[in-house]
Every structure is written in C-alpha cells, then in structure tokens.
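One structure below.
Worth saying up front: this structure is predicted, and the values here are computed from it rather than measured.
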Amino acid sequence: MAEIHRHGRPKGEAVSARDATQEQVTPKDVLSVIGPGVITGGADNDPAGIATYSIVGATAGFAQNWLLFLSTPMLIVVQQMSAKVANVTKTDLATVLRTTFGARIATPAVLLMVIANVITMGADLLAMAAAIQLVTGVKFIYWVVPLAGVMACVTIFLDYRVIARYMLWLVAVFAAYIVAAVLARPDWGSVLRSTFVPHVDLTPGFLMASVGMLGTTITPYLFFWQTSGEIEERRGVQRLKHTNLDIAIGMVWSNVTAFFIIVATGAVLFSHHAEIRTAADAARALEPFVGRYATVLFAVGVIGAGLLAIPVLAASSAFGVAGLVGWRRGLGHKARNAPQFYVVIGLAFLVAMELAISSIDPIKALFYSQVLDGLIAPFLIVLMIVVTSSRKLMGDFVNGPVTQAVAWGAAAVMVLADVALAYQVATKGMPG
C-alpha cells in the first residue's frame, strides 16, 4: 500500500485538484467510465431495497417520492466523497477511519455496518429463496444453503474483474419495473406532485417507511464498497471526473429504478388497498407488464438483485474488518494470499445463512434491515465529511462548498428522520 503524504497524496503522485478538474470527459467516454459506481448503484437496489420500495408504494402510494428526489444528489455526493477518500489516500475507508479517529470511534462505526450488512444478507437470501419458491413450488428453506454456497464460492474464488463484469450485466434486470410502472397507468399528475412537493405525515408508520427508504438509498455498506472498488480499479485522482461521472450514472440509475418500483406498486397495490405480506404480493406490481408471468419476472429480478448485492455486502464487511485490523485485503488477491479477509467473507455468508433459515418474517426482515441502515448512516456520513474536509489528509482535494452543503444536508435529513421516528415510536408505539 502506498505511503500517504501529510497532504493526502502518495509519494510519486503529483496531481493537483486543478489538474484533475481540467480532465476532459466527452460523450463517447460515458461507456468507458462505467465501473464501481454503476456496480454500487445496482447493488443499492438489492432485494431488501426492492422490498422497502414496494412496501412504501403499497402503504403510502406516491407520498414519499419527494424523499427519493431529495436523496439523489445526496447519494451522489456521499458516494463521490467515498471514492475521493480512496483515490487520494490510496487506502480504504475503514483504514482511514482508524488512522484518523482511532479505534474507539472507527470500531463501532465498522461493526455497526457489518451487523447491518449481515442482517441484510440474511434477509436478501431469504427473499431470493422465496422468489425461487414462487416459480418452482419447492419450499424456500431448501434454497437458502445452495444459494449461500454458490455466492460464497463466486465471491471467494473468482477474480475481481470477472465478478465486476457479471455484476454489471445484472444491473439491466431492473428495467422491468420501468415498463410495469408505465403500463400500470398511474395518475402521473399525482406522481409528479408527490415527487416535487414534500408531504410529511407524523405517524410511526410513515416515519418508519421514511427511515427505511433513506436507509436503503444512502446505505452504509456502499460507502465502504465504493472506496474498495476504487482501490481495485486504481483510477486515482488523474481520472476524478471519470470517477464522478461513473458514480452519478450509477446513483441516478439506482434511484430512477426505485422511483418506478414505488410508482408501480403504488398504482397497482396502494390503489386497491393491498398489503405486501409475501413475495407473491410484491410480484403483483408487475402484472400490468406481463400478466400471469409477473411472478416469474419478479423472481428473476429478485434473484438477479441478490446475486448482485450479496457479494457486495459480504465483501464490504470484509473490507471494513480487514481495514480496521490491518489485514491484507482485496478481491484481486487469491484466498491464500489474504486468508483473514476471505474468512470474514465466509463467516458473513455463514451467519447470514443461519439468519435466513431461522423463523423470521421475510418481508419484515427485509424492511427492518433497511431501517437499521437508516439509523447508522448519518454517523458514518459525518465521519466521512470530517475526513474529506481535512487538508492534512486530502490536500488540494478537500470538499468544496457545494459538496459540504449537500453532505451535511444528507446527514441532517437522516438525523431528523431518525429523531422523529424515535419520538413517534416512544409516544405512540411501533407501527402495526
């Protein structure tokens, strides 16, 4: 790992922020810049995310679309800060947190992320197994172990470049929700009003959905994955504009997909006062598109989302723990060259598998795992703002005023949602 100067640049890399901002990005560069940012955006819409957006659409209609619109620039900025940490310091986020704030702050930040990741992995495995049950009729419990085993082997034994290529292809699965939303013929006037005119309902159910939606959009594991992906790609500050474009494409695609999931479920389920209790209920949002084949297409989407996201969840957990302890890490290493890193990946899969086969409600597990992410994310965002505002660490690449404002806005919005939820739950109890 390269030695870091006190001005935030490794020895031998004399690239200024001015040089980086003068980098030219042309329209033909769009496809060539696709990389960790698009993978991160695709992984953001994991089965837990799909379930959360579906529940929001089915229970609140389009009323929370404005939160998705508001969170898009916040998500882009937070992920761009994550990438900048890696490209300037040449190390991952967990290591930067440990060396900057010490173990007392870095350890709980990383461990909370790992706990949320493993719970989400278990919920995602359960969702994938339930989706396969929809198609095959074979009880979901029999699919959990094979799914976990296959994905663990893919994550541990395949080269990172191979994993990245297969991940990128899976991102296209989510286009089905766009078609379904259009064919459901929603009231587009109502959709647009809800997107641009904020509406807040101070009830535990509404606030729980808000925290869950923010948690599945601006989600902690993506911060760690983005920094690690940049290290693997070795793009550096020389290609900062390319990196930022890659991230912007990935995050916009992620939230556009989420938007249409909410529109589809809102138009099909909320209008008929239908609840989402099972995977089959969520699949009904695709009926305007493919009719009786809705369950098949939904199953394909959930399985593809899980294949994309679960390895990212496991790897980001391992990057966090290995960076915290100082172990060799990286998906570009063979398992024998970074054994502790891959042991953490294996343990993450093992614990997630145990959670998946326990007696938990799959839809609730998916949703509440994202609420947990929503509670953790503001803490990590604040730490990252402090890191990327430090001239000692970042040199000329410290945050500009716009980045600072948007990043602090993201932290503030999430804290307000968390505090409002805590107050409402304390005074009115948990939503039913």
Side-chain angles (χ1 to χ4, degrees), residues 37 40-41 43-46 48-49 51-53 56 64 67-85 92-94 96-97 101 105-121 123-124 207-228 247 250-251 254-255 258 309 312-313 316-317 319-320 324 366-389 399 403-422 425:
T40 302
D44 199 11
N45 286 330
D46 63 338
T52 300
Y53 298 133
V56 168
Q64 296 197 11
L67 268 178
L68 205 55
F69 177 73
L70 179 68
S71 70
T72 300
M74 296 176 177
L75 176 61
I76 291 171
V77 164
V78 170
Q79 291 304 124
Q80 287 177 345
M81 287 196 308
S82 302
K84 188 166 64 173
V85 168
D92 55 89
L93 183 57
V96 171
L97 293 179
F101 300 105
I105 292 178
T107 300
V110 171
L111 292 184
L112 284 171
M113 180 272 295
V114 171
I115 291 168
N117 281 9
V118 173
I119 293 172
T120 303
M121 285 175 66
D124 284 353
L207 292 170
M208 183 78 76
S210 298
V211 172
M213 192 157 82
L214 288 169
T216 197
T217 303
I218 309 174
T219 190
Y221 76 86
L222 297 185
F223 312 161
F224 290 84
W225 173 255
Q226 188 71 54
T227 58
S228 304
I247 290 169
M251 300 310 113
S254 173
N255 276 14
V312 172
L313 285 157
S316 61
S317 300
F319 275 114
L324 192 64
L366 289 164
F367 179 68
Y368 286 117
S369 67
Q370 303 311 286
V371 173
L372 178 59
D373 277 331
L375 297 172
I376 297 168
F379 175 51
L380 284 167
I381 292 173
V382 170
L383 293 181
M384 197 149 54
I385 292 171
V386 174
V387 168
T388 51
S389 300
N399 294 333
T403 297
Q404 286 285 86
V406 175
W408 279 113
V413 166
M414 299 191 80
V415 168
L416 284 173
D418 293 346
V419 171
L421 173 61
V425 168

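- Partners of Leu112 by side-chain contact (heavy atoms from CB on, under 4.5 Å), not counting sequence neighbours, listed by chain and number: Ile376.
- With values rounded to the nearest 0.5 angstrom, Ile218 atom CD1 is found 7.0 Å from Phe223 atom CZ.
- Sorted by first and then second residue, the side chain to side chain donor-acceptor pair (under 3.5 Å) pairs involving residues 411-422 (not counting sequence neighbours) form an empty list.
- Shortest non-hydrogen contact noted between Ser228 and Phe319 is OG-CG, 3.0 Å.
- Within 6.0 Å of the CZ atom in Phe379, the count of heavy atoms belonging to other residues, nucleotides or ligands exceeds 12.
- Applying the side chain to side chain donor-acceptor pair (under 3.5 Å) test to every pair with at least one member in residues 378-388, sequence neighbours left out, gives these pairs: Thr388-Asn399.
- Considering CD1 of Ile247 and NZ of Lys84, their distance stands at 10.5 Å, rounded to 0.5 Å.
- Contact record, Met414 with Gly374: CE-O, 3.9 Å, taken as the closest heavy-atom pair.
- By the side chain to side chain donor-acceptor pair (under 3.5 Å) test, Tyr53 is found to be paired with Thr217, residues two or more places apart in sequence or in another chain being considered.
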### Intermediate values then yes/no, side chain to side chain contact (heavy atoms under 4.5 Å, CB included), Asn255 and Ser71
CA-CA 9 Å; Asn255 276 14; Ser71 70; 3.4 Å; yes
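- Across all non-hydrogen atoms, the minimal contact from Met81 to Ala407 is CE-CB, 3.7 Å.
- Smallest separation of non-hydrogen atoms from Ala420 and Leu207: O-CD1, 3.5 Å.
- Of the residues listed (Thr120, Asn117, Asp373), the one engaging Thr219 in a side chain to side chain donor-acceptor pair (under 3.5 Å) is Asp373, and it is the only one.
- A search for side chain to side chain donor-acceptor pair (under 3.5 Å) contacts involving Thr227 returns nothing, not counting sequence neighbours.
- Taking both residues in full, the closest heavy atoms of Gly320 and Met113 are given as CA-CE, 4.2 Å, listed atom of the first, atom of the second, then distance.
- For Ser317 (side chain) and Leu313 (main-chain N/O), a donor-acceptor pair under 3.5 Å exists by modelled atom type.
- If you take OG1 on Thr72 and CG on Leu67, they are separated by 10.5 Å, rounding to the nearest 0.5 Å.
- For the side-chain contact (heavy atoms from CB on, under 4.5 Å) test, residues two or more places apart in sequence or in another chain that qualify with Phe101 are Leu97, Ile105, Leu383, Val386, Val387.
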Give the C-alpha distance, both sets of side-chain angles, the deciding distance and a yes or no for side chain to side chain contact (heavy atoms under 4.5 Å, CB included) between Thr403 and Gln80. CA-CA 9 Å; Thr403 297; Gln80 287 177 345; 5.9 Å; no
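- Residues Pro378 and Ala411 approach most closely at CB-O, 4.1 Å, considering heavy atoms.
- Leu375 contributes atom CG, which lies 10.5 Å from atom CG of Leu214 (distance to the nearest 0.5 angstrom).
- Under the rule for a side-chain contact (heavy atoms from CB on, under 4.5 Å), the partners of Val419 that lie at least two apart in sequence or sit in another chain are Val415.
- The shortest side-chain heavy-atom distance between Tyr221 and Val114 does not fall under the 4.5 Å cut-off.
- For Ser316 (side chain) and Val312 (main-chain N/O), a donor-acceptor pair under 3.5 Å exists by modelled atom type.
- Legend: residues meeting side chain to side chain donor-acceptor pair (under 3.5 Å) with Gln64, ordered by chain and number and at least two apart, are Ser210.
- For Gln226, the side chain to side chain donor-acceptor pair (under 3.5 Å) partners two or more places apart in sequence, or in a different chain, are Thr40, Gln79, Glu230.
- Phe224 pairs by the ring-ring contact (aromatic ring centres under 6.0 Å, His included) definition with nothing, not counting sequence neighbours.
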